[in-house]
Amino acid sequence: MLQEAIDLQQGKVSELVRIINEKDEVTFRAPTGSGKTRMMADFMNRILAQNSDVVFLVSSLSKGDLAEQNYKQFKECSDGNIFPNLNPYMVSSESSNEERLFIPEDYNVYVLPRDLYKDKSKLKDGGVLLNFLQQMTLPLFGKGNCKKIWLIKDECHQATNNLDDLKKNFFTKVINFSATPNLSRKQHVDVNITDKEAEDVKLIKHVDFNEEENLDFAEQGHHPETAIKKFLEIKEQYRNLLGVNPCLIIQISNKDKAEQEWANIKRILNETEFQGLKWMSIVDKKAKCETNDKLCKLGVDRWKDYAKDKHSLIDIIIFKMVISEGWDIPRACMLYQVRDTQSKQLDEQVMGRVRRNPRLLDFENLSPEAQKLALTAWIWGIKPKDGKKTRQVSLFGDVNDIPQAIKVKTTHLVPPTKRKKFNIAKFLEVKKENIAHTDIFTLYNDLQRNGNDISDLCYDYAKNDIQKWWKFAENSDEIKKEYNNHICNYAESMELDMEGGVPREVSFPIMSEYLDDEAYNERITDWVWKRNDGQVKFAFDSNAEKEWVSILKDVSGHFSTQETGARNAQAGQMRTDNTVEPERKYAERKKLWGKNFLSGSEMRYEYYLNGIHQSYPDFVLKDDKGQIHLFEVKSVNVSNKATFDTEEYKEKIRALKLCYQYCSEVTGHIFYLPVLKDDKWQITRFINGDEKTISEEEFIESFE
């Protein structure tokens with residue numbers, strides 16, 4: 001799992017911990033597939049470490065076995081000493097005839113399937129949950145436990161009316177978790193992992209959308225052959241590159257049209273070219289569930305478990321609404337929607353089924369081709385509308401103009417394990433055996449504390465040898481120091497990316513996209529990008545980026561339509577009618593520059609900061625001498641949009657400086673770290689490994 005993904009998750013949990021101290025009810029939004037359950041466990045573990053008087057009641061959906069799924073993950077995190085403060089219990093309504101149903105009081109995380117607490121249920125009408133809550137919250141001398149109960153509502157967009165009735169008397173805090181919070185229930189988002197953030201750190205897939213106004217083919221004549229043919233096209237690629245059998249999900253209507261839709265789909269699947277595909281149809285009534293796979297002649301209750309395994313032979317799953325939440329099937333990569341729902345929340349929940357990264361834990365070990373495949377989901381449906389607009393952009397000129405004109409060298413870090421100078425076996429040979437051995441749980445915790453790199457190194461070294469694992473774990477702190485010494489010595493660990501024995505050169509992707517929240521827009525008519533809708537305003541991630549754009553426009557010789565009227569006839573510049581000058585290719589211009597939009601970008605550099613990270617410079621400029629300049633723009637000003645740990649931020653800047661210093665030496669490019677403080681720029685420049693701090697005026701003069 002990439003370090004950026006771990007950092008994103010942990011950073012959002014830190015934000016949640018801070019906010020919960022200020023409010024009694026908060027809402028955490030994260031897209032399906034971004035690790036919501038693990039972040040929930042991390043959050044509870046941190047709170048329990050600070051306050052032993054807190055007890056969590058986690059309300060989970062009963063359908064889709066989500067409650068049991070959450071419980072198992074909490075238990076694994078606890079037993080594995082990842083989050084050791086958790087002591088989970090699964091609330092049940094089952095009991096023998098001789099025993100009275102009760103909930104034990106010696107746990108601190110109680111997972112409650114929502115539908116167990118409803119009218120005429122044992123937990124509600126029998127007063128079992130009410131008695132438990134009273135006993136846990138009563139003052140100590142009243143023979144109670146004097147605990148504070150915090151309610152976590154997983155999939156909070158679903159109603160929990162019965163539990164809400166208890167809120168006033170028993171729940172000190174309420175934390176809502178969902179991919180689609182419900183604003184009508186006042187679930188205004190306090191902490192948010194955007195889809196774009198999750199995509200950027202490779203937690204979830206990018207969606208290749210095939211949008212249609214209406215996919216009700218029972219009436220309109222639409223058919224899913226296109227999706228099925230696309231599935232056949234990528235099936236072998238998925239198997240060969242990812243070691244995963246992919247899956248296409250087809251969603252049909254939930255009401256009267258379902259039978260006719262399923263009949264049409266079944267007829268298509270029986271056509272000669274599709275007869276080799278294995279399928280199953282899962283609907284609300286077990287008697288109407290169907291499959292053409294002999295291996296699924298099990299009980300229908302076991303079909304889902306069988307279908308979600310990465311080696312399952314089921315190619316296509318047809319369903320109504322029964323897997324909208326709580327069913328993890330990372331091998332699903334395509335969705336075709338045929339339904340009559342108008343629910344935005346339901347659509348997003350269903351789409352989340354095909355956006356999980358199927359190789360999340362070892363993604364960094366995949367080839368570039370395999371990574372691209374693992375991060376693509378194909379959806380035929382009605383694209384959800386949200387507040388932020390995705391802007392599509394493409395390069396000016398012919399397809400190869402800009403990529404031929406701007407060629408950037410990139411670097412990577414070689415882990416110590418792949419260098420002959422770092423030998424774990426020899427390092428451990430000289431270490432003395434500990435006379436008093438630490439217990440295995442403490443050792444495991446120490447190993448996890450030292451990060452993914454060290455943990456992976458341990459298991460790669462020890463394989464299945466427990467004695468090797470034990471000795472490594474006992475010395476993990478020293479190994480961590482040695483590892484850091486090696487990998488942070490960029491003179492030895494940093495290498496150019498190579499291809500065919502020569503340095504690999506990358507450029508801007510032909511097409512890209514960005515999210516436009518209209519906060520930091522700037523009009524630009526003279527860089528490498530054009531918006532596909534013909535507009536000339538581009539959005540940036542921060543005010544600092546927007547301010548830096550103004551400087552880059554000056555040094556690149558930007559012309560405004562207001563200044564020149566009809567635009568100077570420089571090669572490839574835009575006319576006032578938004579068309580490109582035809583006289584010469586755009587790539588023939590002396591200065592070219594553009595934003596390094598993350599979508600599709602290969603312009604990145606690895607650096608080390610408690611794990612290997614990837615830095616994507618914000619802007620790239622080629623000057624009139626052909627020199628490449630790369631800019632990572634930062635700001636230490638506190639904005640209203642985000643809060644951050646100042647020391648952590650400064651530590652990242654220090655790490656980037658060290659990285660860029662060596663990158664400039666290895667690649668021959670010039671790297672910059674412009675940092676905005678108040679309204680002044682402090683610009684650190686690296687040329688051939690030499691560092692110099694310059695002013696804004698000196699920077700501009702260097703291009704004149």
So for atom CD, which belongs to Gln275, do other residues, nucleotides or ligands contribute more than 12 heavy atoms lying within a distance under 6.0 Å? yes
Salt-bridge test for Lys595 and Asp541: reply yes if a basic N is under 4.0 Å from a carboxylate O, no otherwise. yes
What's the separation between atom NE2 in His669 and atom NZ in Lys407, rounded to the nearest 0.5 Å? 11.5 Å
One should read off an interatomic distance between Leu609 CG and Lys652 NZ, to the nearest 0.5 angstrom, of 8.5 Å
For the residue pair Phe597 and Trp529, categorise the inter-ring angle as parallel (less than 30°), tilted (30 to 60°) or perpendicular (more than 60°). tilted
Pair Glu606-Gln3, side chain to side chain contact (heavy atoms under 4.5 Å, CB included): steps then yes or no: CA-CA 11 Å; Glu606 288 188 344; Gln3 187 64 42; over 6 Å; no
Minimum side-chain heavy-atom gap Leu269-Asn292 below 4.5 Å: no
Would a distance-only check, ignoring hydrogens and angles, find a side-chain to backbone donor-acceptor pair under 3.5 Å from Gln9 to Ser34? yes
Can you name the nearest heavy-atom pair linking Trp303 to Glu290, along with the distance? CZ3-O, 3.5 Å
Would the distance check show the side chain of Ser476 and the main-chain N or O of Ala473 forming a donor-acceptor pair, the cut-off being under 3.5 Å? yes
When you look at Asp42 and Arg38, which way does the salt bridge (Lys or Arg N to Asp or Glu O under 4.0 Å) test go after all the steps? CA-CA 6 Å; Asp42 186 7; Arg38 187 178 179 87; over 6 Å; no
Contact summary for Tyr336 and Leu248, nearest pair of heavy atoms: N-CD1, 4.3 Å
Pairwise side-chain contact, Lys230 with Asn210, heavy-atom cut-off 4.5 Å (strictly under): no
Is the closest basic N to carboxylate O distance between Glu199 and Lys196 below 4.0 Å? no
Arg531 side-chain N/O to Val393 backbone N/O, donor-acceptor pair under 3.5 Å: no
Inter-residue atom distance Ile487.CD1 - Ser493.OG, 0.5 Å rounding: 6.0 Å
Grab the two heavy atoms, one from Ile314 and one from Arg331, that are nearest each other, plus how far apart they are. O-NH2, 2.7 Å
Side chain to side chain contact (heavy atoms under 4.5 Å, CB included) for Phe472 and Leu457? Distances and angles first, verdict last. CA-CA 9 Å; Phe472 186 107; Leu457 185 61; 4.0 Å; yes
Report the distance from atom CD of Glu4 to atom CG of Leu8, rounding to the nearest 0.5 Å. 10.0 Å
Quick one, Pro358 and Lys205 - any side-chain contact, counting heavy atoms below 4.5 Å? yes
Starting from the C-alpha separation in whole Å, work towards a yes-or-no answer on side chain to side chain donor-acceptor pair (under 3.5 Å) for Tyr306 and Asp293. CA-CA 11 Å; Tyr306 169 70; Asp293 181 21; 3.1 Å; yes
Taking every heavy atom of Ile249 against every heavy atom of Arg353, the minimum-distance pair comes out as CD1-CB, 4.2 Å
Gap between atom CG of Leu203 and atom CG of Leu375 - 0.5 Å precision: 10.0 Å
Judged by atom type as modelled, is there a donor-acceptor pair below 3.5 Å linking the side chain of Gln371 to the main-chain atoms of Phe363? yes
First locate atom OG1 of Thr180, then atom CE of Met351, and finally report the distance between them rounded to the nearest 0.5 Å. 12.0 Å
Would you say the side chain of Ser615 lies within less than 4.5 Å of the side chain of Leu656, judging by non-hydrogen atoms? yes
Is there a donor-acceptor pair closer than 3.5 Å between any side-chain N or O of Glu197 and the backbone N or O of Thr194? yes
Closer than 3.5 angstrom, by distance alone: can the side chain of Asp398 be matched with the main-chain N or O of Asn400 as a donor-acceptor pair? no
Working for side chain to side chain contact (heavy atoms under 4.5 Å, CB included), residues Arg604 and Asp497: CA-CA 11 Å; Arg604 55 181 178 261; Asp497 290 328; over 6 Å; no
Would you indicate whether Asn464, at its atom CG, is surrounded by more than 12 heavy atoms from other residues, nucleotides or ligands within a distance under 6.0 Å? no
Give a yes or no on whether the backbone of Met494 and the side-chain of Thr411 come within a donor-acceptor separation of less than 3.5 Å. no
Are the side chains of Leu232 and Phe274 in contact, using a 4.5 Å heavy-atom criterion? yes
Whether Phe538 and Tyr514 hold their rings parallel, tilted or perpendicular, with breakpoints at 30° and 60°: tilted
For residues Thr376 and Asp208, is any side-chain donor paired with an opposing acceptor at under 3.5 Å? no
Donor-acceptor check, side chain of Asn245 to backbone of Ser312, threshold 3.5 angstrom: yes or no? yes
Within-4.5 Å side-chain heavy-atom neighbours: Leu2 and Glu364: yes
Could you label the plane-to-plane angle of the Tyr490 and Tyr662 rings as parallel, tilted or perpendicular, counting under 30° as parallel and over 60° as perpendicular? perpendicular
Ion pair Glu155/Lys36, N-O distance below 4.0 Å: yes
Give a yes or no on whether the ring-centroid distance for Phe671 and Tyr605 is below 6.0 angstrom. yes
Without swapping roles, check the side chain of Asp315 against the backbone of Trp279 for a donor-acceptor pair under 3.5 Å. no
Short N-O contact, Lys72 and Glu68, less than 4.0 angstrom: yes
Would a line drawn from the ring center of Trp378 to the ring center of Phe231 be shorter than 6.0 Å? no
Which atoms form the tightest heavy-atom contact between Ile193 and Pro31, and what is the distance? O-CD, 3.0 Å
Given side chains that start at C-beta, do those of Asp401 and Leu395 come closer than 4.5 Å, heavy atoms only? no
Would you say Leu360 and Pro330 make side-chain contact, with heavy atoms under 4.5 Å? no
With side chain to side chain contact (heavy atoms under 4.5 Å, CB included) as the test, would you mind laying out the steps for Asp7 and His613 before giving the verdict? CA-CA 10 Å; Asp7 291 345; His613 299 258; 2.2 Å; yes
Measure across Thr32 and Gly352 and return the closest heavy-atom pair with its distance rounded to 0.1 Å. CG2-O, 3.5 Å
Would you confirm whether Asn357, through its side chain, and Lys202, through its main-chain N or O, come within 3.5 Å as a donor-acceptor pair? yes
